[in-house]
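So the structure is just underneath, and the comments pick up after that.
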2 protein chains.
Amino acid sequence: MEASTEDKILNAAREVFTRKGFAATRMQEIADQAGINKGLLHYYFRNKNKLFHAVFDEAFDQFILRINEVFAADMPLFEKIDAFVSQYMAILIANPALPSFVINELNQKGEAFVKELMSRKNKPNPLPLIGQIQMEVQAGRIREVNPFHLVLNMISLCVFPFVARPLFQGIAQVDDETYLNLMESRKPEIIDFIHNAIRV
Amino acid sequence: MEASTEDKILNAAREVFTRKGFAATRMQEIADQAGINKGLLHYYFRNKNKLFHAVFDEAFDQFILRINEVFAADMPLFEKIDAFVSQYMAILIANPALPSFVINELNQKGEAFVKELMSRKNKPNPLPLIGQIQMEVQAGRIREVNPFHLVLNMISLCVFPFVARPLFQGIAQVDDETYLNLMESRKPEIIDFIHNAIRV
DNA sequence: GTCTATAGGTAGATAGAC
DNA sequence: GTCTATCTACCTATAGAC
């Protein structure tokens, strides 16, 4: 079963854009990677921008929207924290280059790009989780934490090791497989860390 | 007191490279920003790569090496955590674009770039801190945490909100000043969070 | 749909006047 | 040291044959 030309292009574009970023990516490199002619890229996607958006929008959804699912779910706070960490870390381990791709482009494309994206896409919505945390604090079931910062902490602990991966991997001198194993062992470590940080 | 031409170039290059990244930066834009002629960039720095390295190496040092100072200091663990968070957050609040610049380039420039950098520069050395954590665990003075992950947690909690700033600021709909105030209020919040997470 | 050839524009770098 | 003008290379995008 051979992939269609359009899929070959998308697969190649995903790989190259993710690795080099929009500005450093050359249409020629995508064509080579896909094993097809450069002209075909324009036949299927008209220009570099449109091809980029096909790749980026998909990555953005994967990176962002999964968060909402867990945040809005109807379950006790501690369970929700566990579910978020283990499910989200699993997504990141399966797609380790995703966060840096999305975040790099958001940083480099400028304010207008971010604003346009936010208006076009479903934004992540941390409010259900923040409300839930507030209630737990008021009921005295967890420590007095700032709910906004707690949410930020949860996300930071999961995502940052992937964004800063070249740095940490360069320092620790470990190969890709070892690093991803470290991330796997990180799941229970993060869950413990958060539990102890907020319990009364 | 007028800045020298070389300083004008460096200031402009810092601003543009930091905002757009190496690949998207145009020598013309740096010249415009500096209010000088494009040819002068080559007179002072010969080519784009050399100018970039003048800016990047400085940023890398600022971002990385300050960590070592605190990590290697001779003080009790809880004090050290407090010192790290408050001092490092202060650096980041004063230079909010620093982490994303360094991390983006490390991600996009590829393995050879990172490897060359690591061999040329003093690497961050977390070993003194990791050793100290191990001793505290063995003495039963803190909970049984994995020292490697604890160090990773400390850094993640401080740095990630700056790397993902466009995302969070886009979601929270706050202006630059408000966001930096949030980061200021974050210092004690992180310190509390870590203390509670590791104390027995 | 897929290829080749090329147009059109832009960026980095250099030459040379002042 | 600083400027203008220009070279050369490359990259996106299009035109047109098959």
Side-chain angles (χ1 to χ4, degrees), chain A residues 1-59 101 104-105 107-110 112-113 116-117, chain B residues 1-59 101 104-105 107-110 112-113 116-117:
Chain A
M1 177 57 182
E2 178 89 339
S4 72
T5 301
E6 188 167 343
D7 283 344
K8 277 196 262 183
I9 293 173
L10 279 173
N11 289 336
R14 235 188 312 270
E15 202 280 316
V16 182
F17 275 131
T18 300
R19 183 158 43 82
K20 311 245 265 196
F22 175 81
T25 290
R26 302 290 160 245
M27 295 295 265
Q28 184 64 59
E29 189 172 352
I30 296 176
D32 292 348
Q33 174 96 11
I36 52 124
N37 189 276
K38 189 165 64 114
L40 283 179
L41 301 182
H42 293 89
Y43 176 80
Y44 280 94
F45 293 92
R46 227 184 66 226
N47 58 40
K48 186 180 174 184
N49 247 305
K50 289 216 177 5
L51 178 54
F52 173 75
H53 266 100
V55 170
F56 181 81
D57 284 16
E58 181 196 52
F101 174 50
N104 287 356
E105 297 299 337
N107 269 305
Q108 294 181 350
K109 287 263 185 179
F113 179 84
E116 190 276 335
L117 193 77
Chain B
M1 179 56 185
E2 178 89 340
S4 72
T5 301
E6 189 168 343
D7 284 344
K8 276 196 265 185
I9 293 173
L10 278 173
N11 289 335
R14 235 189 311 270
E15 202 280 317
V16 181
F17 276 131
T18 300
R19 183 158 42 81
K20 311 245 267 196
F22 175 80
T25 289
R26 303 291 160 246
M27 295 294 267
Q28 185 63 59
E29 188 172 352
I30 296 175
D32 293 347
Q33 174 94 12
I36 52 122
N37 189 277
K38 187 165 66 112
L40 282 179
L41 301 181
H42 293 90
Y43 177 80
Y44 280 95
F45 292 91
R46 227 186 62 229
N47 59 37
K48 187 181 174 185
N49 247 307
K50 289 216 177 4
L51 178 53
F52 174 76
H53 266 99
V55 169
F56 180 81
D57 284 15
E58 180 197 55
F101 174 51
N104 288 355
E105 298 299 337
N107 269 303
Q108 294 181 348
K109 286 264 185 178
F113 179 84
E116 190 275 335
L117 194 76

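All chains are named by letter (A, B, ...) in the order of the sequence lines, taking the proteins before the strands, and each is independently numbered beginning at 1.
A straight line from CG of A:L40 to P of D:dA13 spans 15 Å, rounded to a whole angstrom. As rounded to whole Å, 11 Å separates atom P of C:dG1 from atom CD1 of A:I9. Atom CD1 of A:I36 is separated from atom P of C:dT2 by 8 Å (rounded to the nearest Å). The distance between atom CG of A:L41 and atom C1' of D:dC11, rounded to the nearest whole Å, is 13 Å. Atom CZ of A:F45 is separated from atom P of D:dT14 by 15 Å (rounded to the nearest Å). For the pair B:N37 CG and D:dT4 P, the computed distance is 6 Å after rounding to whole Å. Rounding to whole angstrom units, CZ of residue A:F22 and C1' of D:dC11 are separated by 12 Å.
The shortest side-chain heavy-atom distance between A:L10 and A:Y44 does not fall under the 4.5 Å cut-off. Between A:Y43 and A:T5, every side-chain heavy-atom pair lies at or beyond the 4.5 Å cut-off.
Nearest approach of B:K20 to B:A24, heavy atoms of both residues: O-CB, 3.5 Å. Summarising the geometry of B:N49 relative to B:K109, their closest heavy-atom pair is OD1-NZ, 4.3 Å, with the distance given to 0.1 Å. Scanning both residues, B:V55 and B:A13, for their nearest heavy atoms gives CG2-CB, 3.8 Å. Shown here for A:G21 and A:E105, the closest heavy-atom pair between the two residues is CA-OE2, 3.2 Å.
The main-chain N or O of A:T25 is found under 3.5 Å from a side-chain atom of A:K48 such that the two form a donor-acceptor pair.
For D:dT2, one of the phosphate oxygens OP1 or OP2 lies less than 4.0 angstrom from a side-chain nitrogen or oxygen of B:T5.
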Per-nucleotide protein contact along nucleotides 11-18 of chain C, 5' to 3', at a 4.0 Å heavy-atom cut-off (B base, S sugar-phosphate only, - neither), is SBBB----
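Non-hydrogen atoms lying under 4.0 Å from DNA chain C are contributed by nothing in residues 50-58 of chain A.
Looking at B:E29 and B:R19, a side-chain N of the basic residue comes within less than 4.0 Å of a carboxylate O on the acidic one, giving a salt bridge.
Judged as a ring-ring contact (aromatic ring centres under 6.0 Å, His included), the pairs with a partner in residues 19-39 of chain B (not counting sequence neighbours) are, in order, B:F22-B:F52.
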